[in-house]
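Reminder, nothing fancy here: chain letters follow the sequence lines and each chain counts from 1.
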Amino acid sequence: MAGPQVRSGWPLYEVFLRGKRGLNHVHVGSLHAADPEMALHHARDLYTRRNEGVSIWVVASADITASSPDEKDPFFAPSGDKVYRHPTFYEIPADVPHM
Amino acid sequence: MTDDEFTVYEGLAADDEDHRWAFGTGFTDPLEGVDTSVPDGVDSVALAAYCLMLGDDALVYSHRLQQWITRMPELEEETALANIALDLLGQARMLLARAGRAEGAGRGEDQLAFFRDENEFRNVRLAETVDGDFAELTGRLLIFSAWRLALFGQLTGSADPVLAAIAAKGVKELSYHREYAAEWVIRLGDGTALSHAKMQAALEVIWPAVDELFRADAVTAMLPGVAADPAMLRGEVDEVLRTVLAAAGLDRPDRPPMAAVAGKAGRDGVHTEAFGYLLAELQSVARAHPAATW
Amino acid sequence: MTALPDEATGDLTAHFDDTLGHERRIEPRDWMPDAYRATVIRQIAQHAHSEIIGMQPEGNWITRAPSLRRKAILIAKVQDEAGHGMYLYSAAETLGADRADMTDKLISGRQKYSSIFNYPTLTYADVGVIGWLVDGAAVCNQVPLCRSSYGPYARAMVRICKEESFHQRQGYELLMTMMRGTASQRAMVQDATNRFWWPSLMMFGPPDDQSPNTAQSMAWGIKRHTNDELRQRFVDMTVPQADKLGVTLPDPDLTWNSERGHYDAGAVDWDEFMAVVKGNGPCNVQRVARRQSAHDEGAWVREAASAHAVKQAARKDAA
């Protein structure tokens, strides 16, 4: 079967999220996937475990053309569907210091 | 550097410009506003048994998925797997709680999960088998998810409002599980020659346990309008499998169903030899401290 | 990368130093000294490896968790650790490191991970103690890294710290529940504390006078406090938490020194620390072996996915 060489590594994709209250997609990080559809699934698993209703873009890192320094990448925006992921779910008495 | 900077939690409470953190907010309880009493005319003993059937399927299968944590072929798959295991565990918790409520003997989710013996568990045998490799993991997940999604799809119209609510939430989760599994079965079937062989072999191994999913049972028969008729699910599951196997270039296996034991199988509390070990692992710590709260 | 003339390097170094001097971030496409790049890659990679290996000691108790709620919490925690590892590998990759290469270095021992994970988890109370002490120590290390000079690392640390607060609280809450429980639960908590206290102190690394890289790392803004400073901070924070819990920390020399305004503590067994770091801890071999077998056994899966992607792309082109 003729065809291009199969790479054994999965390429890098950059992930952009737009949360419910946001107006723009923001860059939150990168991950590896074999193809764009897998990248989207991985992004959903890795970056939105704490919420749904987030719009996700994935772009192969190789397709990104970047300018020089001083670019500002804002923080990520996760959220919460499983209540036990959030610190407020745990009843710790107020007088326990540094917790 | 002050004490406060070392208290991460304090730091989180501090207001920065970023308002996209949603600690403590945005949770939806699927049972909010739902009347949890057993509806009139519904046999509560049968309802309890039915909820145990569906709850045990999820509890036991989640256990098998949990055993793959730190063994997945890539780190990104670890997060996907954990999500699926957590979703099923969540379904199990709600269903076991419902079973306890319908039974009315004061047994909660933990009492049911950790203090029943093997012959009291009502999961199908498909849920309890060990996955020998990633092909078996994804092949079994495809069949289980497709079946459970079809079943939950029926249950969204259940006369028991709690089952309907659980199903409504579960349908979204199971759609995702089925899609995840289907994509992997296709990748493996239509990947390399090696992955194709492994995926086909995996289906052959899994197949004998599939027929049991569609078998009629006495409990379902006692819950018309409440439970989903297993035989009605076969069409949808077969269609899903036909589509996925075609895309994957795989053949539908032709293996005969696993026989029952004196006519009994998983729904009757008669399990495989592997199940005893599974329960031993699941229950050992809880049983070692029967009076303890955790 | 082509060699630059000395004048250009001089300007670039000045700009780099100036950025650091003003507490601004170095970003992926900035010029940076090779030694800075190599050191940051190594630090981030080892941090990432720690998260991934750290999934194992706690993952050990998922299937045996004694309540469904605790089981769910523990799965979520271990899943977070996988996520943290990935955020960090992703930060290292912005510097030109390759994930597969970093994985190889972990498996072959050329890059390390936090030695605490070479200790065994022997009871369910260990899950709580790891959350309380090990994640507590990690928080001490990590909050300052949110101001690390390298931008992607600092940002990954902010996200990780926010998620780690859940980890520490869930551990402590489990211990509180157990301490209010049966006698055997209380004994289990005390036993786990006895086994993890000293290794937790070792997480901050060797004493300052045996830590030759600290000065350069601090000059580069990669490290914000010395090992001993963070270790002292951790002890000061944790002693009152232990009091509230009702456990005794296994150090008879732990006493409040009002002159210093800190707790005085007993001596750490640095011989045990060195033995474990060198590879002779109770779990070193099995931790790496587990990672290696997952990676090796997963090769055919990864290759299949790549092969399928190539086929799909070819079909699209042909269509």
Side-chain angles (χ1 to χ4, degrees), chain A residues 1-15 27-39 42-43 45-50 61 66-78 80-99, chain C residues 19 24-31 69 72-73 76-77 79-80 82-83 86-87 89-91 93-94 98-100 132 136 139 151-152 155-156 158-159 162-163 165-170 172-174 176 236-238 240-241 244-245 299 302-314:
Chain A
M1 214 177 313
Q5 184 88 32
V6 175
R7 303 150 299 179
S8 57
W10 291 353
L12 200 55
Y13 286 82
E14 302 298 327
V15 180
H27 180 244
V28 294
S30 63
L31 47 79
H32 287 269
D35 58 55
E37 285 69 37
M38 190 196 283
H42 285 163
D45 288 329
L46 182 55
Y47 289 109
T48 73
R49 284 173 291 131
R50 288 175 168 70
S61 306
S67 69
S68 272
D70 291 358
E71 53 215 359
K72 286 191 186 246
D73 300 323
F75 298 147
F76 320 141
D81 62 351
K82 306 271 192 293
V83 70
Y84 41 75
R85 295 190 192 282
H86 289 251
T88 53
F89 179 66
Y90 298 102
E91 301 278 334
I92 309 277
D95 60 348
V96 177
H98 311 296
M99 185 69 60
Chain C
T19 306
R24 286 194 293 259
R25 301 280 176 265
I26 304 295
E27 294 297 347
R29 295 176 59 80
D30 291 348
W31 180 89
R69 174 173 175 261
I73 289 167
K77 177 176 202 258
Q79 183 192 34
D80 273 358
M86 281 184 277
Y87 302 153
Y89 285 130
S90 141
E93 282 175 306
T94 64
D98 172 67
R99 165 114 58 100
W132 172 39
V139 163
R155 288 188 289 277
V158 170
R159 184 181 177 105
K162 288 184 174 179
E163 294 179 356
S165 63
F166 147 68
H167 296 180
Q168 194 188 18
R169 285 169 72 94
Q170 71 80 27
Y172 194 81
E173 194 225 5
L174 171 61
M176 282 191 340
D236 292 342
M237 280 173 48
T238 307
Q241 292 170 350
K244 289 273 183 241
L245 208 46
R302 297 190 298 272
E303 282 159 20
S306 296
H308 179 70
V310 167
K311 290 184 189 178
Q312 287 290 81

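When all heavy atoms of A:A33 and A:H42 are compared, the closest pair comes out as CB-ND1, 3.9 Å.
Contact annotation for C:A305: both backbone and side-chain heavy atoms come within less than 4.5 Å of a heavy atom of chain A. Of the atoms belonging to C:Q312, not a single heavy atom falls under 4.5 Å from chain A.
Inter-residue side-chain proximity for A:W10 and A:M38 is flagged as met; some heavy-atom pair is nearer than 4.5 Å. Counting heavy atoms from C-beta outward, C:I73 and C:R69 have side chains that approach closer than 4.5 Å.
Using cut-offs of 30° and 60° on the angle between ring planes, the pair C:W132 and C:Y172 is perpendicular.
Counting heavy-atom pairs closer than 4.5 Å to chain A, the top-ranked of the candidates C:Q241, C:H308, C:M86 is C:Q241.
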